[in-house]
Amino acid sequence: MSGTLLVRGGRVIDVDGEREADILIVGGKVAVVAADLAAPDGVEVLDASGKLVFPGLIDPQVHFREPGWEHKEDLESGARAAVAGGVTSVMEMPNTNPTTTTPEALADKLSRAAGRMAADHAFFFGASPENAEQLADWENLPGCCGVKMFMGSSTGSLLVAEDKDVERVLRSGKRRVAVHSEDEARLRALKANAADDVTVFDHPSLRDVEAALKATTRLLNLVEKTGRPVHVLHLSTAEEVALIRERDLGELVTCEVTPNHLFMAAPDCYERHGTWAQMNPPVRDARHRDVLREALADGTIACIGSDHAPHTAEEKAGGYPNTPSGIPGVQTILPLLLTAVRDGWLSLADVARVTTSGPAAVWDVAGKGDLRVGFDGDLAIVDPSITEPLPAAWLQSRSPCSPYIGMELAGWPTTTVLRGEVIWRDHAPVGASRGKPLRFTKS
Ligand code: DOR
């Protein structure tokens, strides 16, 4: 039977901890997780001795740029980078060209993905003042993971800047809304008052703490008023962490952080990487980084989203402030989090929580994010003995602009399994791309 595989001898990691166990996947689904399983006749055996075996990662925030900007990335190259990093499910953002703001645009992405994406996938609808009322009808279409709203402008044209329009979006539909939370009026005022000779070192003050805090405060007020659940993307400030804790809106407000905000800090990142470290909201100083680390470890922040946002080296060399914001990162989530385990501020179980069960719970992803019997047999198998500096040649994104090239690794994902089939091994794809649309329990 296809999708049938015995993974033997690995150290299995999930949200509850670690144990030596074998995993039998039958017909694409987890059948048994237990020590010393015998291989049924004819079943392929994958030797995982000495390896760490995680459930396949779910990355709930990627920009794969198709249609419109395929010179930066496309659905095929983005998904290749994902599975090379042990990410078996991706949720892709709507700021493409054209934007994903109609059912036709969603259908177009789904048909482009079929047979070309190696990872399972779903797509966000972009909210706009024009489509706000229609989102309620569209958000449950197959292959849609929900609605994304930009309260501050970033790459592309999507924007819902005013409270009255944010409220219209929140009142239209039921599923959790993903929000880019920066205050557009504040961003415009900062830009208008900027000196002529700004450099990338000014990026955190041109999109400052106040811009992020103001938008998140406005958003939480509207969440309380409307009762609509939201997910605050790429949290970047200690002040927003404090606000979210203080307002304590429970399940109504979840949030995520990017590896960039956890593993880089200003000004060092701009000295070392220049505009390759430029993203929105910006990477800020170590005070913010340290609070974000604590908030991830204690569960205030539910999950990691890479915000994989590829641009070309030429575009990134254009001269700040005309350089585009965004950092490719879908492939380096797991390697970076393994350095956090090595350095002692996350456990392996935390890594599983924030990359698998955490995002699955935030977005109600069906049958993913755990190794429970009946769940999809998706695995990220890591060789912890790979500790060399990360070579650029291992990265699969069309964008070469990763600030993590050369970092000392604390393990590297070598084999990826999707629904019981090996799809990536030793830096190369195995077989045809078989990603399918994700399913959701509440849509
Ligand atoms: O830095 C960013 N780049 N932040 C975003 O919100 C969008 C992203 C992109 O699409 O380039």
Side-chain angles (χ1 to χ4, degrees), residues 59-75 77-78 81 90-101 109 123-124 126-128 147-161 177-184 187 191 200 202-204 206-208 211-212 215-216 219 231-237 240 255-264 266 269-270 273-284 304-316 318 320-330 397-403:
D59 187 344
Q61 191 189 175
V62 300
H63 301 266
F64 285 171
R65 308 299 193 203
E66 181 180 348
W69 292 314
E70 290 88 344
H71 67 286
K72 298 174 194 269
E73 194 79 286
D74 65 21
L75 293 171
S77 62
V90 292
M91 295 164 57
E92 208 265 345
M93 287 293 160
N95 57 331
T96 43
N97 187 18
T99 51
T100 322
T101 42
K109 277 195 176 172
F123 300 99
F124 281 99
S128 75
V147 169
K148 158 82 178 277
M149 172 162 57
F150 283 88
M151 288 176 71
S153 39
S154 189
T155 302
S157 57
L158 288 171
L159 184 62
V160 183
V177 177
V179 183
H180 180 120
S181 186
E182 289 185 286
D183 184 88
E184 182 67 10
L187 295 180
K191 196 171 170 188
V200 73
D202 299 305
H203 194 57
L206 286 169
R207 304 183 77 110
D208 67 0
T216 302
L219 180 67
H231 182 68
V232 185
L233 299 165
H234 39 45
L235 221 54
S236 68
T237 68
E240 289 167 282
C255 51
E256 79 184 36
V257 65
T258 76
N260 306 318
H261 294 96
L262 299 171
F263 292 94
M264 292 196 284
C269 64
Y270 301 114
H273 307 295
T275 58
W276 287 22
Q278 177 193 334
M279 70 165 293
N280 302 331
V283 175
R284 308 184 193 278
I304 294 280
S306 73
D307 192 10
H308 178 84
H311 299 285
T312 67
E314 293 70 30
E315 290 163 342
K316 282 289 201 181
Y320 188 86
N322 301 318
T323 38
S325 292
I327 301 171
V330 69
S397 172
R398 200 161 277 172
S399 165
C401 306
S402 170

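First listed ligand is number 1; within each ligand, the first listed atom is number 1. One is the number of the first residue; the rest follow in order along the sequence. The model shown is predicted, which means the values in this text are computed figures rather than measured ones. Hydrogens, waters and symmetry mates play no part in the numbers below; they use all other heavy atoms, side chains included.
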Can you find a side-chain donor-acceptor pair between E315 and H71 that sits under 3.5 Å? yes

How about Y320 and H203: does a side-chain donor come under 3.5 Å of a side-chain acceptor? yes

Partner set under ring-ring contact (aromatic ring centres under 6.0 Å, His included) for H231, not counting sequence neighbours: W363

May I ask you to check whether H180 has an N/O atom sitting below 3.5 Å from an N/O atom of ligand 1? yes

Would you kindly say whether D59 and S306 are connected by a side-chain donor-acceptor distance under 3.5 Å? yes

What do we get for L233 next to ligand 1 when only non-hydrogen atoms under 4.0 Å count, side chain, backbone, both or neither? neither

Against ligand 1, does M93 come closer than 4.0 Å with any heavy atom? no

Does the pair K316 and S399 meet the rule for a side chain to side chain donor-acceptor pair (under 3.5 Å), with working shown? CA-CA 10 Å; K316 282 289 201 181; S399 165; over 6 Å; no

Quick check on contacts: which atoms of ligand 1 are under 4.0 angstrom from a heavy atom of H311? 11 (O)

Close approach, R65 and ligand 1, non-hydrogen under 4.0 angstrom: yes

What part of N95, side chain, backbone, both or neither, has a heavy atom within less than 4.0 angstrom of ligand 1? side chain

Counting non-hydrogen protein atoms only, what is the nearest one to atom 3 (N) of ligand 1? Give residue, atom name and distance. S325 O, 3.0 Å

Does a donor on one side chain sit under 3.5 Å from an acceptor on the other, for T237 and E240? yes

Of all the atoms in ligand 1, which lie at a distance below 4.0 Å from a heavy atom belonging to D307? 4 (N)

Atoms of ligand 1, numbered as shown, that sit under 4.0 Å from any heavy atom of M279: 1 (O)

With heavy atoms only and a cut-off of under 4.0 Å, state how S154 meets ligand 1: side chain, backbone, both or neither. side chain

Under a 3.5 Å distance rule, please check whether E73 uses its side chain to pair with a backbone N or O of P310 as donor and acceptor. no

Look at the side chain of Y270 and the backbone N and O of V283, then say whether any donor-acceptor pair between them is shorter than 3.5 Å. yes

Proximity of H63 to ligand 1 by residue part, where a heavy atom lies under 4.0 Å: side chain

For atom 9 (C) of ligand 1, grab the closest protein heavy atom and report residue, atom and distance to one decimal in Å. T155 OG1, 3.1 Å

Can you confirm whether the side chains of H311 and R65 place a donor and an acceptor under 3.5 Å from each other? yes

Give me the one residue out of H261, H180, H63 that meets ring-ring contact (aromatic ring centres under 6.0 Å, His included) with H234. H180

Where does H234 meet ligand 1, judged by heavy-atom distances below 4.0 Å: at the side chain, the backbone, both, or neither? side chain

Identity and distance of the protein heavy atom lying nearest atom 4 (N) of ligand 1: N280 O, 2.8 Å

Which atoms of ligand 1 sit under 4.0 Å from any heavy atom of A309? 3 (N), 8 (C), 9 (C), 11 (O)

